[in-house]
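This report concerns only the one structure given below.
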Amino acid sequence: VQLQASGGGLVQAGGSLRLSCAASGLTFNTYSMAWFRQAPGKEREFVAAITWSGVTTYYAEFVKGRFTISRDNAKNTGYLQMDSLKPEDTAVYYCASNLFYSGNSDTGWDFWGQGTLVTVSS
């Protein structure tokens with residue numbers, strides 16, 4: 001199983017980025033997917049998740065209304081659209097996948113991508 005996260009970069013506060021997570025080696029349309037992030041000196045934290053069908057989504061309170069998680073099962077790819085970015089959103093963003101939605105703890109997710117760095121300048 002491979003998850004390849006991409007789309008990170010440097011953006012000014014108030015700007016937008018779209019992260020992608022390309023999956024291979026698993027039947028993507030049967031797996032839930034999540035995004036986590038880890039800022040320097042902090043623990044990894046849950047950002048958002050989406051079930052296999054895309055019908056149900058979950059968000060951390062601090063991104064509600066600004067970030068949108070989605071997926072395209074035909075392309076085996078998940079996305080995280082990030083709008084109204086703030087400097088405190090600066091972190092390495094990781095995508096993760098699991099057969100079932102596994103909550104907001106990183107210990108519940110079996111497969112992980114390598115991370116993509118998002119830097120938001122003030």
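These figures come from a predicted structure and were not determined experimentally.
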Discussion item. Using the ring pair (Phe, Tyr, Trp, His ring centres under 6.0 Å) criterion, which residues pair with Tyr101? Sequence neighbours excluded.
Written reply: Tyr58
Discussion item. Minimum heavy-atom separation for Val55 and Thr51, please, with both atom names.
Written reply: N-OG1, 4.0 Å
Discussion item. Out of the candidates Leu80, Asp89, Thr90, only one should pair with Arg37 under the side chain to side chain contact (heavy atoms under 4.5 Å, CB included) rule; please name it.
Written reply: Asp89
Discussion item. Side-chain heavy atoms nearer than 4.5 Å, only ILVMFWY residues, links allowed to pass through others: does that put Val1 and Leu99 together?
Written reply: yes
Worksheet item: Counting N and O atoms only, with roles assigned by atom type, does the side chain of Arg71 sit under 3.5 Å from a partner on the main chain of Phe28, one being a donor and the other an acceptor?
Response: yes
Please output the side-chain donor-acceptor pairs of residues 2-20 that fall under 3.5 Å, not counting sequence neighbours, one pair per line with the distance.
unit_1, atom_1, unit_2, atom_2, d
Ser16, OG, Asp83, OD1, 2.7

Worksheet item: Tyr93 and Val47: which non-hydrogen atoms are nearest, and at how many Å?
Response: CE2-CG2, 4.3 Å
Discussion item. Are the side chains of Thr68 and Met82 in contact, using a 4.5 Å heavy-atom criterion?
Written reply: no
Worksheet, complete the sentence: Hits for side-chain contact (heavy atoms from CB on, under 4.5 Å) against Asn98, two or more places apart or cross-chain, chain-then-number order -> Ser102, Trp109, Asp110
Worksheet entry | Audit row: Phe62, Glu45, side-chain contact (heavy atoms from CB on, under 4.5 Å) steps and yes/no | CA-CA 11 Å; Phe62 55 79; Glu45 62 181 356; 3.6 Å; yes
Discussion item. Counting neighbours of CZ on Phe100 that are heavy atoms of other residues, nucleotides or ligands and sit closer than 6.0 Å, is the number greater than 12?
Written reply: no
Worksheet item: side-chain contact (heavy atoms from CB on, under 4.5 Å) between Ser70 and Gln81: does it pass, once the steps are laid out?
Response: CA-CA 8 Å; Ser70 63; Gln81 176 67 41; over 6 Å; no
Worksheet item: Below 6.0 angstrom between ring centroids: does that apply to Tyr94 and Phe36?
Response: no
Fill in: Spacing of CH2 belonging to Trp35 relative to OG1 belonging to Thr116, to within rounding of 0.5 Å
7.5 Å
Fill in: Heavy-atom closest contact (Asn29 atom, Trp52 atom, distance)
O-CE3, 3.1 Å
Discussion item. Do Tyr59 and Arg66 make a side-chain contact, defined as non-hydrogen atoms from C-beta onward lying under 4.5 Å apart?
Written reply: no
Response to the item:
For Tyr31 and Ser97 the tightest heavy-atom approach is CB-OG, 3.4 Å
Practice prompt. Would you name the heavy atoms of Lys42 and Gln38 that are closest together and state the gap between them?
Written response: O-NE2, 3.1 Å
Worksheet item: OG of Ser84 to CZ of Phe67: how many Å apart, nearest 0.5 Å?
Response: 9.0 Å
Practice prompt. Can you see which heavy atom on Ser105 is nearest to which on Thr107, and at what distance?
Written response: OG-OG1, 2.8 Å
Worksheet item: Does one hydrophobic cluster hold both Val118 and Phe46, with members joined at side-chain heavy-atom distances below 4.5 Å?
Response: no
Worksheet item: When rounded to the nearest 0.5 angstrom, what distance separates CG in Asn76 from OG in Ser24?
Response: 8.0 Å
